[in-house]
2 protein chains.
Amino acid sequence: MPKKKTSENVTVGITPVALKEHEHAHCIDDAINTAEAYCKNAKLRFTPIRRKVLEILAQEHRAIGAYAILERLRENGFGSQPPLAYRALEFLTKHGLAHKVERLNAFISCTHPTKEHSPAFLICRTCSSVAETTLDAAKTSLGGIARAANFRMEGLVMESEGLCSSCSRAAT
Amino acid sequence: MPKKKTSENVTVGITPVALKEHEHAHCIDDAINTAEAYCKNAKLRFTPIRRKVLEILAQEHRAIGAYAILERLRENGFGSQPPLAYRALEFLTKHGLAHKVERLNAFISCTHPTKEHSPAFLICRTCSSVAETTLDAAKTSLGGIARAANFRMEGLVMESEGLCSSCSRAAT
DNA sequence: CGATGTTATGTTATAATGTAACATTATTGA
DNA sequence: TCAATAATGTTACATTATAACATAACATCG
C-alpha cells in the first residue's frame, strides 16, 4: 500500500472504491455489517468462521492467499486445516461478499456487496494493492463479441496488473 | 468440443477465431510456421521442446494444464520434470505464441500470434472449448477506469466462462 | 420435546499446480 | 577456440486446492 499512516487510517492510492485516504476501520465494519444483514435477509448462516475470514480479508485492500488466511484463523483459535479456509471462502465468494483474484490465486473482500455485479480489479505489481470496480459484463467489448458468437456469458474475470497511481509516480 | 468429425476436421463452435468448422491441421501448421518465422526474425531459439509444446497446445482449441503437457512430452521422448514444461510455456507466453488462461490455470496456443494484443477468452464450461479474441486494453471499460485513476495498465486478463453456441443450444 | 433431515465443521490424506537452485550441455559471438 | 550466454537436466520442495468421510450444530415439523 502506497503510504501507511496509522493502522486505522491508510492511504490506498487507487480510485475506484478502495480509493483515497479513508478511515479504514469503516471498511471492515461496513463489510461485516453488510454481510450480516445480507445473510440475515437471505437466511444464510453467517457463522463465526465465515465472519472471521471476512474480517481478515476486509483488513486489507489486497488479495490474501488461502493459506495466509488459514494462519490468521489459527492465530484466532480456529483450526488450521485447508478446508476450513476454502469452505468459508467458497461461501463468501458464492454470495458475492468476497472475490477470488484469479491472477493472484488469492481472495479479497468485496467493496460493493449486495449489488449484483461483475467485479474487475486493478492490481498494483509494486505495492500489491488491489482496487475493485464493477462492470456490466454484457456491455464490455468481450460481451459484444460473445453476443455475436451466441456465447452465453455466465461469469467474467477482468483483472489488470500494472502500477497504481502512487507507485507509478514513485517509479518515474 | 461440440462435435468431433474426424481428427483432422473438427467443429469448434465459437466465432472469434477458433470459430466454425475448419481444417484443423491448418491451425497446427500455422501456429508452428508463424512461431518459426517469428523466432527467426527475433533471433530467438525455437528449440525442439518449445516446438513440441506449441504443437501440443495447437492440437486443441482448449486450454491444457502444464502436467498434461508434461505427459505428452514424455510420450514424445522428452523428460517429464515440471520445469521442462514450465520453461517452454514461459518462453511461449512471453513471446505471445501461447497464453495462460488464468481461470483454468492452463495454457493455450495463440491464434493471433505476431500481432501485439491483449487476448481475451470465451471458455465453455460444458465442452471446455476456449476461443480467443483480441482487445485493445486501453479501450476497455476497465481501461477508462484505470486512466481516470492514473493506474498504468501493463497487462489485462479478460476471460468469460459460460456456454458456447453449440452447448447453449444443446442445453435448451 | 424429540426425531429427522440438512447444513456446517472437524479431520486425514492427497491431488494439482508451480518454483528454487544448481549442475551440465549447447550455442553464440568475439 | 575461448568465453559468455542461453537452454536443458535434475533434485527437491513450495504453494494451492480438493476428496472423502466422520461428527456436530441447527431447523422444523410432528
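So you know, we letter chains A, B, ... as the sequences are listed, proteins then strands, and number each from 1.
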Would you list the pairs meeting side chain to side chain donor-acceptor pair (under 3.5 Å) in which at least one residue belongs to residues 77-88 of chain B, sequence neighbours left out? none

CD1 of A:I32 to CG of A:L97, rounded to nearest 0.5 Å, is 9.5 Å

Send over the distance from B:K43 NZ to C:dT27 P, rounded to a whole Å. 17 Å

Using whole Å, report how far CD1 of B:I64 lies from P of C:dG18. 14 Å

note: A:F107, atom CZ; D:dT16, atom P; distance rounded to Å ~ 10 Å

Whole-Å distance between C:dT9 C1' and A:R51 CZ? 17 Å

Check whether any side-chain N or O of B:N105 sits under 4.0 Å from OP1 or OP2 of C:dA16, and answer yes or no. no

Taking the side chain of B:R45 as its heavy atoms from C-beta onward, which of D:dA6, D:dA17, C:dT9 lies nearest to it? D:dA6

Rounded interatomic separation in angstrom, taking CG from A:L73 and P from C:dT11: 14 Å

Can you list the residues that meet the ring-ring contact (aromatic ring centres under 6.0 Å, His included) rule with B:F91, with sequence neighbours excluded? B:H95

Among residues 79-90 of chain B, which residues get a heavy atom nearer than 4.0 Å to DNA chain D? B:Q81, B:P83, B:L84, B:R87

Starting from A:L163, walk the hydrophobic network (Ile, Leu, Val, Met, Phe, Trp, Tyr; side-chain heavy atoms closer than 4.5 Å) and list everyone else you reach, by chain and number. none

Keeping A:R62 on the side-chain end and A:C127 on the backbone end, is there a donor-acceptor pair under 3.5 Å? yes

side-chain hydrogen bond (donor to acceptor under 3.5 Å, both in side chains) filter on B:N76, not counting sequence neighbours, yields B:K52

Starting from the 5' end of DNA chain C, give me the residue, A:P48 or B:L104, whose nearest nucleotide shows up first. A:P48

B:E102 CD to C:dG18 P: how many Å, rounded? 8 Å

Protein-nucleotide distance (A:L70, atom CG; C:dT11, atom C1'), rounded to Å: 13 Å

Quick one: list whatever passes ring-ring contact (aromatic ring centres under 6.0 Å, His included) with A:F121, sequence neighbours left out. A:H99

To the nearest angstrom, the CG-C1' distance between A:L44 and C:dA8 comes to 13 Å

Give B:K100 one of three labels, base, sugar-phosphate or nothing, depending on what nucleic acid heavy atoms sit under 4.0 Å from its own. sugar-phosphate

